[in-house]
S.K.: 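Below you will find the structure I want to go over with you.
Numbers for residues simply follow the sequence, beginning at 1. Order of listing sets the numbers, starting from 1, for every ligand and every atom in it. What you see is a predicted model; the values in this text were computed from it and never measured.
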Amino acid sequence: MSDKATLQYKDKTIELDAIIGSEGEIGLDITSLRAKTGMITLDPGYGNTGSCTSEISFINGEKGILRHRGYAIEELAAKSSFMETAFLVLYGHLPSEKELSEFIAEINSESTLHYGMKSHFEGFPDNAPPMAVLSSMLNILTCYNTDLLTTATEGPAFTAPTAKIISKVRAIAAWAYRTSIGKPFMPPRPDLSYTGNFLHMMFSETFNLYEPLPEVERALDLFFILHADHEQNCSTSTVRMVGSSHASLFSAVSAGVGALWGPLHGGANCEVIKMLTRIHDEGISPRDFVEKAKDKNSPEKLMGFGHRVYKSFDPRAKILKGQVDVVLKALKIEDPLLDIAYELEEMARSEDYFIERNLYPNVDFYSGILLRAIGIPVDMFTVLFAIGRMPGWISNWREMHVQSLRISRPRQIYTGETLRDYVEMANR
Ligand code: ACO
């Protein structure tokens, strides 16, 4: 369905198509604006700009709704597995039993890393940030798969790099962790679930296999489901941007890891735990901290609060908050950071500053407490976010190529010097 809008500037008038999405969202199509008027739109931070039409995920930030391919995140969280949700995000429908077992079998067949990659891990310094290692190693996969540097969206030329990335990202994460603590790599166990195999590669020892509590394995699988996709956020847009030059899928997701790393995006899950630990260890009162977060002259922010799109509760945060209780109870852990988090949330939700700005806890506020209880080191938190997000990145990369989109190339309004004469060195 489409409609028209009219844009007028001085003596120039242009009719724009209104593209109406299946949930009633309206986008004014400005693709012919520059050609017809010589003007562009300006939207730093892209808060008002749609970069594509997409059938993958739907968010209504005002109502706190997230759906993948039409399925509510709450229902997927309650009934699905990460592998099933990954298939759904990638291919648009819930898999049959046969489709799911073939998908899992292809992913399992890619569980190991090429032995040559060992030397790359050993080349990193001891304190190498795991997100830098992950991004580098995903790009290094390119070197071992030069036959897969295509933009194919169907058949083995697409499923092979997809399975490699979704499977090997987990092995890269586990290898990076084990290298950082001076332990040997643990060979994968394809008999385990996707998440069980990851926990095994992280925590098993040769003569002492790690056997997670079912609540722990389920909670981590749920964490991956909740991160599977989130429409055109900073890292997904980066994957699309890089992919739009027809760079390989490996390079595109490697760039996505770089974008995700920042503390304003996926890196916030580490920052939340660092903030809570600081409040706890330095005996800062949550009240003082909230006051600092409100003060524009203070560098403090309430990490894990606020979102560009959600102007009410992030539905993923609600689900994770519930899981934290389940996991802490199963592991018989009492985490003082959780009490601080509850207190901060309660305070923030009754303060005008946060209410007026619609600042609610986002997915990162409770996820760190969950991962910490499972034994994941803080600097690996964002790596786990990246593992969960792979299906979404790959699906967006695929959709962009299915739609044959043009290379992403925003314009700018130049505000620098106009033409001036070069001044010889002696006269400066
Ligand atoms: N603590 C205190 N004040 C905040 C916070 C916060 N966490 N977040 C936003 N604000 C304030 C801003 O200072 C601004 O106030 P002003 O209107 O008086 O200037 C107002 O709320 C609007 O915030 P913006 O920064 O304009 O919102 P934007 O959409 O650009 O940024 C972001 C969103 C980056 C998530 C921001 O809320 C933030 O930095 N949050 C903390 C980091 C975080 O948790 N990131 C994870 C997001 S979820 C994800 O990416 C997986």
S.K.: Salt bridge (Lys or Arg N to Asp or Glu O under 4.0 Å) for R67 and E75? Distances and angles first, verdict last.
M.R.: CA-CA 9 Å; R67 294 181 203 141; E75 206 174 359; over 6 Å; no

S.K.: Surrounding CD of E55 (heavy atoms of other residues, nucleotides or ligands, distance under 6.0 Å), is the total greater than 12?
M.R.: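 Counting neighbours around CD of E55, 12 or fewer heavy atoms of other residues, nucleotides or ligands fall under 6.0 Å, so no.
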
S.K.: Mark yes or no for whether R357, through its side chain, and Y353, through its backbone, hold a donor-acceptor pair below 3.5 Å.
M.R.: yes

S.K.: Starting from atom 4 (C) of ligand 1, find the nearest protein heavy-atom neighbour and note its residue, name and distance.
M.R.: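 Ranking protein heavy atoms by distance from atom 4 (C) of ligand 1, first comes L359 CD1, 3.6 Å.
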
S.K.: Which residue owns the protein heavy atom closest to atom 45 (N) of ligand 1, what's the atom, and how far is it?
M.R.: L264 O, 2.9 Å

S.K.: Return yes or no for this condition: an N or O of F385 is under 3.5 Å from an N or O of ligand 1.
M.R.: no

S.K.: Can you find an N/O atom of V363 closer than 3.5 Å to an N/O atom of ligand 1?
M.R.: no

S.K.: Just which atoms of ligand 1 are under 4.0 Å from any heavy atom in H265?
M.R.: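 Those atoms are 46 (C), 49 (C), 50 (O), 51 (C).
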
S.K.: Would you mind running through ligand 1 and noting each atom that sits below 4.0 Å from a heavy atom of G304?
M.R.: 43 (C), 44 (O)

S.K.: Does any non-hydrogen side-chain atom of V290 lie less than 4.5 Å from one of F354?
M.R.: yes

S.K.: Evaluate D364 for polar contact with ligand 1, using N/O atom pairs at a separation under 3.5 Å.
M.R.: no

S.K.: Among H230, K292, K296, R357, which one puts a heavy atom closest to atom 13 (O) of ligand 1?
M.R.: K296

S.K.: Quick test of your reading of the structure: of E271, K301, R308, whose heavy atom lies closest to atom 36 (C) of ligand 1?
M.R.: K301

S.K.: To check your reading of the model: name the closest protein heavy atom to atom 35 (C) of ligand 1, its residue, and the distance in Å.
M.R.: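 Of the protein heavy atoms, G306 O, 3.7 Å lies nearest.
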
S.K.: Below 4.0 angstrom from a heavy atom of A268, which ligand 1 atoms are there? Numbered from 1 as shown, please.
M.R.: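 By the 4.0 Å cutoff, the relevant atoms are 43 (C), 44 (O), 45 (N), 46 (C).
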
S.K.: Regarding E231 and S54, do their side chains bring together a donor and an acceptor under 3.5 Å, going by distance alone?
M.R.: no

S.K.: Number the atoms of ligand 1 from 1 as they appear, then name those within less than 4.0 Å of a heavy atom of M303, with their elements.
M.R.: 42 (C)

S.K.: Any donor and acceptor pair, going by atom type alone, linking the side chain of Y177 with main-chain N or O of P377 inside 3.5 Å?
M.R.: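 No; judged by distance alone, with no hydrogens or angles, the pair does not exist.
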
S.K.: Under 4.0 Å from a heavy atom of A293: give me the atoms of ligand 1 that qualify, with their elements.
M.R.: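 Numbered from 1, ligand 1 contributes 2 (C).
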
S.K.: What protein heavy atom sits nearest atom 48 (S) of ligand 1, and how far off is it?
M.R.: H307 CD2, 3.6 Å

S.K.: Do any nitrogen or oxygen atoms of N362 come within less than 3.5 Å of a nitrogen or oxygen of ligand 1?
M.R.: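 In this structure, N362 places an N or O atom under 3.5 Å from an N or O of ligand 1.
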
S.K.: Using heavy-atom distances only, which candidate in N233, V272, L302, D314 approaches atom 7 (N) of ligand 1 most closely?
M.R.: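 Nearest option to atom 7 (N) of ligand 1, by heavy atoms: L302.
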
S.K.: Taking the minimum heavy-atom distance to atom 11 (C) of ligand 1, which of Y353, F305, F365 ranks first?
M.R.: Y353

S.K.: Would you confirm whether T236, through its side chain, and W393, through its main-chain N or O, come within 3.5 Å as a donor-acceptor pair?
M.R.: no

S.K.: Are D229 and S57 linked by a side-chain donor-acceptor pair shorter than 3.5 Å?
M.R.: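 D229 vs S57: donor-acceptor pair found between side chains.
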
S.K.: Specify whether the nearest protein heavy atom to atom 23 (O) of ligand 1 is under 4.0 angstrom away.
M.R.: no

S.K.: Are any side-chain N or O atoms of K12 and backbone N or O atoms of T37, one a donor and one an acceptor, separated by less than 3.5 Å?
M.R.: yes

S.K.: Would you please indicate yes or no on a ring centroid separation below 6.0 angstrom for H230 and F385?
M.R.: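 No - the distance between ring centres of F385 and H230 does not fall below the 6.0 Å cut-off.
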
S.K.: Tell me whether D126 at atom CG has more than 12 heavy atoms from other residues, nucleotides or ligands lying less than 6.0 Å away.
M.R.: no

